[in-house]
Amino acid sequence: MDFWVAISWLLGWGSFAAWSLSFYPQVILNWQRKSVHGLSLDFVFLNSWGFLCYSIFNVLLYIAPERWGFEGSIELNDVVFSVHGFLMTVIVVGQTYWYSGTAAAPHASTWARAIIAITATGAGIAVFLASQKVITGLSALYYISYIKIALTLIKYAPQAFYNFHRKSTDGWSIHNIVLDLTGGIFSLLQTMIVVGNIIKSGLGLVTVAFDLVFIMQHLRYRPPSHSDYSEIIEEGDFEREYRI
């Protein structure tokens, strides 16, 4: 095996492992605290919608690429990562309902719901046009994948702004960020060595940049070493959570 091919392979699986593991710290933290206070609902719902789109794209093109006229390559680890990621985001969404502590169902802000509604409508239109042979099925799938790309660019902003507003990262797992940063760096190195995909590199840079912001926020707004959330979170606090 060529040296650089081997390095690329190791970086690819390294990023896959780090990104896959990065979902767990937040789920575990929510469970330990029996609360999602400190977690931006806009991020939660945008992230879940993005991974659903990514899963649809990967699964359909992996199962039957010839049906869609797809000449690229979707690897099994791409499918496993996207589906696993979507399932983990669904668990976090479920935790926001389970630990809400209020009668009212938790929901994202108006602007986040508008983004989800607009992109979902666009996806529906693309699927309809494909069914009428106006565009190809592959074009419709690419549109769905573009939703994931767009959400990657914006989904972290609500959490970063929420941390800044509270002057705290309490409730936002730093271990998640460290693993996400590790995966992002590995992915960037892989694209620079072999693939050279400018779009993927750009998205990786955005992810790494936000991860660095979160790390700086964590260092600047260190959470208290001893917190009794049952005392500091009053009933209804979840409903009044600040969102942009």
Side-chain angles (χ1 to χ4, degrees), residues 10-48 50-51 54 77 80-100 106 148 151-190 203-230 232-233 238 241-243:
L10 289 173
L11 289 172
W13 279 100
S15 62
F16 168 78
W19 275 335
S20 296
L21 291 173
S22 71
F23 293 101
Y24 289 89
Q26 188 65 55
V27 171
I28 294 172
L29 181 63
N30 295 342
W31 174 75
Q32 289 176 331
R33 299 167 68 238
K34 300 297 186 288
S35 170
V36 290
H37 186 79
L39 185 61
S40 167
L41 295 186
D42 289 347
F43 168 78
V44 170
F45 286 100
L46 290 173
N47 198 33
S48 187
F51 269 100
Y54 191 37
N77 61 351
V80 173
F81 170 73
S82 58
V83 174
H84 169 263
F86 172 64
L87 293 176
M88 293 303 296
T89 62
V90 168
I91 290 175
V92 176
V93 170
Q95 288 180 320
T96 67
Y97 286 86
W98 186 257
Y99 299 133
S100 65
K148 166 61 176 172
L151 292 178
T152 299
L153 295 174
I154 65 174
K155 69 179 182 180
Y156 294 107
Q159 185 66 56
F161 197 82
Y162 185 40
N163 293 344
F164 171 76
H165 172 78
R166 297 186 305 135
K167 299 297 186 289
S168 171
T169 57
D170 219 5
W172 176 240
S173 174
I174 190 61
H175 302 96
N176 159 38
I177 298 307
V178 171
L179 286 167
D180 192 51
L181 176 63
T182 302
I185 292 174
F186 283 171
S187 180
L188 281 174
L189 290 174
Q190 184 188 33
L203 291 175
L205 284 171
V206 171
T207 300
V208 168
F210 270 109
D211 286 338
L212 292 175
V213 168
F214 289 133
I215 289 174
M216 288 188 289
Q217 286 183 326
H218 182 74
L219 295 175
R220 176 64 180 84
Y221 310 131
R222 280 188 175 277
S225 56
H226 300 286
S227 300
D228 185 352
Y229 295 98
S230 62
I232 66 174
I233 300 179
F238 185 91
E241 178 183 8
Y242 182 83
R243 296 187 290 273

Requested in this report: Report the C-alpha distance between Val80 and Phe16 in whole Å, list the side-chain angles of each, state the deciding distance to 0.1 Å, and finish with yes or no for side-chain contact (heavy atoms from CB on, under 4.5 Å).
Outcome: CA-CA 9 Å; Val80 173; Phe16 168 78; 4.1 Å; yes
Query raised in the report: Looking only at heavy atoms, which two atoms of Leu46 and Leu151 are closest? And how far apart?
Result: O-CD1, 3.5 Å
Report task. Working to the nearest 0.5 Å, report the span between CG of Leu10 and CG of Leu189. Result -> 12.0 Å
Query raised in the report: Does Leu11 offer a backbone N or O that forms a donor-acceptor pair with the side chain of Ser15 under 3.5 Å?
Result: yes
Query raised in the report: Taking the side chain as C-beta and beyond, is there a heavy-atom pair between Val93 and Phe45 under 4.5 Å?
Result: yes
Query raised in the report: Honestly, is Arg166 close enough over Tyr162, meaning NZ or CZ under 6.0 Å from the six-membered ring centre and within 45° of the axis?
Result: yes
Query raised in the report: Taking the side chain from Gln26 and the backbone from Asn176, do they hold a donor-acceptor pair closer than 3.5 Å?
Result: no
**Report entry** Pairwise distance CG(Leu179) to CD1(Ile174) - rounded to 0.5 angstrom
**Finding:** 10.5 Å
Query raised in the report: Cut-off 3.5 Å, side chains only: do Ser48 and Thr89 have a donor facing an acceptor?
Result: yes
Requested in this report: Taking the side chain as every heavy atom from C-beta outward, state whether Gln159 and Phe210 have any pair of such atoms under 4.5 Å apart.
Outcome: no
Requested in this report: Output the distance between atom OG1 (Thr182) and atom CG (Leu21), rounded to the nearest 0.5 Å.
Outcome: 10.0 Å
**Report entry** ring-ring contact (aromatic ring centres under 6.0 Å, His included) against Phe186, all qualifying residues, sequence neighbours excluded
**Finding:** none
Query raised in the report: Would you say the side-chain atoms of Asn77 and Trp13 include a donor-acceptor pair closer than 3.5 Å?
Result: no
Report task. Check the angle between the aromatic planes of Phe23 and His84 and answer parallel, tilted or perpendicular using the 30° and 60° thresholds. Result -> perpendicular
Requested in this report: Could you give me the CA-CA distance, side-chain angles and deciding distance for Gln217 and Asn163, then say whether side chain to side chain donor-acceptor pair (under 3.5 Å) is met?
Outcome: CA-CA 7 Å; Gln217 286 183 326; Asn163 293 344; 3.0 Å; yes
Query raised in the report: Hey, do the aromatic rings of Tyr24 and His175 have their centres closer than 6.0 Å?
Result: no
Query raised in the report: Between Met88 and Ile91, does a side-chain contact (heavy atoms from CB on, under 4.5 Å) hold up when you go through it step by step?
Result: CA-CA 5 Å; Met88 293 303 296; Ile91 290 175; 4.1 Å; yes
Query - Smallest separation among heavy atoms of Phe81 and Ser20, with atom names - result: CD1-OG, 3.7 Å
Requested in this report: Determine, stepwise, if the pair Thr152 / Thr207 fulfils side-chain contact (heavy atoms from CB on, under 4.5 Å).
Outcome: CA-CA 8 Å; Thr152 299; Thr207 300; 3.9 Å; yes
Query raised in the report: Are the side chains of Asn47 and Val44 in touch, meaning some heavy atoms are under 4.5 Å apart?
Result: no
Requested in this report: First locate atom OG of Ser40, then atom NE2 of His165, and finally report the distance between them rounded to the nearest 0.5 Å.
Outcome: 11.5 Å
Report summary line: When rounded to the nearest 0.5 Å, the distance separating NE2 of His218 from OG of Ser173 is 9.0 Å
Query raised in the report: How would you list, by chain and number, every residue that makes a ring-ring contact (aromatic ring centres under 6.0 Å, His included) with Tyr54, sequence neighbours excluded?
Result: none
Query raised in the report: Roughly how far, to the nearest 0.5 Å, is CZ of Phe43 from CH2 of Trp172?
Result: 4.0 Å
Report task. Give the intermediate values and the outcome of side-chain contact (heavy atoms from CB on, under 4.5 Å) for residues Val92 and Val27. Result -> CA-CA 6 Å; Val92 176; Val27 171; 3.7 Å; yes
**Report entry** Closest non-hydrogen atom pair between Pro158 and Asp42, with its separation
**Finding:** CB-CB, 3.6 Å
Requested in this report: Return the set of residues passing ring-ring contact (aromatic ring centres under 6.0 Å, His included) with Phe86 (not counting sequence neighbours), or none when no residue passes.
Outcome: none
Report task. For the residue pair Val90 and Phe51, establish whether any side-chain heavy-atom pair is separated by less than 4.5 Å. Result -> no
Query raised in the report: Would you say the side-chain atoms of Ser22 pair up with the backbone N or O of Trp19, donor to acceptor, closer than 3.5 Å?
Result: yes
